[in-house]
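A short write-up of the structure that comes next.
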Amino acid sequence: VIDTSAYYPRVVRDSVGLLKEAVKQYLLVSTISVYRDFPAEDVDESSAVGRLEDPTTEDFRAPQNYGPLKALCEEAAEELMPGRVTNVRPGLIVGPGDWTDRFTYWPVRVEQGGEVLAPGRPEHTVQYIDVRDLAEWMVHTLEARVVGVYNAVGPKAPLRMGEYLAA
């Protein structure tokens with residue numbers, strides 16, 4: 001199973017409860033936003049995840065709830081299918097079909113020329129992953145029975161926002 005729609009731990013528990021006897025592995029597409037200290041600090045898979053004051057909330061649109069709710073979804077899946085879950089934590093997913101324009105906006109805007117208002121500082125890093133690469137890797141993890149928690153971000157070498165805009 002590849003679950004791209006996990007937002008509520010209750011729903012993950014229900015889904016996994018129905019599927020756990022029928023499937024060998026459950027891959028949950030989570031988010032790099034699960035980390036308590038992201039984006040303020042560098043994180044890896046062992047970094048602490050955020051927690052909710054009220055773990056029963058289902059308001060995932062509130063920015064402070066989104067990551068912690070995803071962390072609870074990961075925990076719910078692992079609880080019901082121990083050792084058979086892959087939690088993928090992507091950063092900004094870009095590529096064909098991305099209707100958000102969060103990534104493509106910048107090259108299009110810079111191409112127009114003139115002064116460009118950009119987020120953060122030029123030395124801050126930008127992390128993203130192409131949806132095609134992510135999908136291929138997720139299928140590979142299922143075929144190879146890879147389980148555990150994995151951040152899915154790139155590029156491999158750090159890319160600074162200033163360098164990205166200049167390129």
Side-chain angles (χ1 to χ4, degrees), residues 1-7 9 12 24-51 60-78 81 83-113 116-167:
V1 170
I2 296 179
D3 183 349
T4 62
S5 63
Y7 290 101
V12 170
K24 295 176 182 162
Q25 190 171 343
Y26 190 88
L27 186 148
L28 188 141
V29 180
S30 187
T31 175
I32 199 82
S33 296
V34 298
Y35 296 109
R36 181 188 66 210
D37 299 322
F38 179 81
E41 296 181 21
D42 289 339
V43 295
D44 65 25
E45 289 84 350
S46 67
S47 298
V49 297
R51 294 291 174 206
F60 78 88
R61 294 182 193 279
Q64 71 275 13
N65 294 349
Y66 175 69
L69 275 170
K70 286 286 207 171
L72 289 173
C73 289
E74 293 178 8
E75 292 168 11
E78 184 62 36
M81 287 182 68
R84 296 189 293 154
V85 176
T86 307
N87 288 307
V88 178
R89 297 174 175 170
L92 179 59
I93 302 172
V94 303
D98 179 13
W99 54 268
T100 67
D101 201 30
R102 295 177 296 178
F103 188 78
T104 52
Y105 168 82
W106 296 108
V108 171
R109 175 58 191 93
V110 169
E111 183 181 50
Q112 293 170 355
V116 176
L117 182 63
R121 299 168 123 8
E123 66 273 9
H124 287 174
T125 56
V126 178
Q127 293 185 303
Y128 58 89
I129 186 161
D130 189 285
V131 67
R132 295 162 289 195
D133 295 334
L134 180 60
E136 182 180 341
W137 180 77
M138 289 190 313
V139 169
H140 167 75
T141 65
L142 291 172
E143 290 174 342
R145 300 266 170 83
V146 176
V147 296
V149 176
Y150 299 93
N151 294 342
V153 296
K156 188 174 184 177
L159 176 63
R160 310 263 178 249
M161 186 62 167
E163 296 166 347
Y164 166 61
L165 295 174

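Residue numbers count from 1 along this sequence.
Of the possible polar contacts, one joining the E78 side chain to the G83 backbone as a donor-acceptor pair under 3.5 Å is found. Under the 3.5 Å distance criterion, the side-chain polar atoms of S30 are left unmatched by any main-chain donor or acceptor of R89. Within the 3.5 Å criterion, the main-chain N or O of D44 finds a donor-acceptor partner in the side chain of Y35. Distance alone, capped at 3.5 Å, places no donor-acceptor pair between the E74 side chain and the V85 backbone.
Note that CD1 of I32 and CD of Q127 are 6.5 Å apart. Values are rounded to the nearest 0.5 Å. Here the straight-line distance linking atom OH of Y128 with atom CG of D133 works out to 10.0 Å at 0.5 Å rounding. To the nearest 0.5 Å, the span separating OH on Y7 from CG on L69 amounts to 11.0 Å. Remark: L72 CG to F60 CZ distance equals 14.5 Å, nearest 0.5 Å. Taken from CG in L28 to OG1 in T4, the straight-line distance is 9.5 Å, to the nearest 0.5 Å. The structure places CZ of R109 at 13.0 Å from CG of D101, a figure rounded to the nearest 0.5 Å.
The local environment of CD in E123 is crowded, with over 12 non-hydrogen atoms from other residues, nucleotides or ligands closer than 6.0 Å. No more than 12 heavy atoms of other residues, nucleotides or ligands shown are found within 6.0 angstrom of CG on D42.
Within the 4.5 Å cutoff, the side chain of V29 has heavy atoms near those of the P90 side chain. The shortest side-chain heavy-atom distance between D98 and T104 does not fall under the 4.5 Å cut-off. Taking 4.5 Å as the limit, some side-chain heavy atom of P96 sits within range of a side-chain heavy atom of R132. Taking the side chain as every heavy atom from C-beta outward, W106 and P119 approach each other to under 4.5 Å.
Closest non-hydrogen pair, V34 versus G67, comes out as CG1-O, 3.6 Å. Between W137 and V88, the shortest heavy-atom contact is CZ3-CG2, 3.6 Å. The two atoms that bring V153 and G91 nearest to each other are CG1-N, 3.4 Å, heavy atoms only. Nearest heavy atoms, R160 versus P122: CB-O, 3.4 Å. Closest of all the heavy-atom pairs between K70 and A6 is NZ-O, 2.7 Å. Between T86 and V147 the shortest heavy-atom distance is OG1-CA, 3.5 Å.
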Run the side-chain contact (heavy atoms from CB on, under 4.5 Å) test on V110 and Q112 for me, step by step, so that the C-alpha distance in whole Å, both residues' side-chain angles and the decisive distance to 0.1 Å come before the verdict.
CA-CA 5 Å; V110 169; Q112 293 170 355; over 6 Å; no
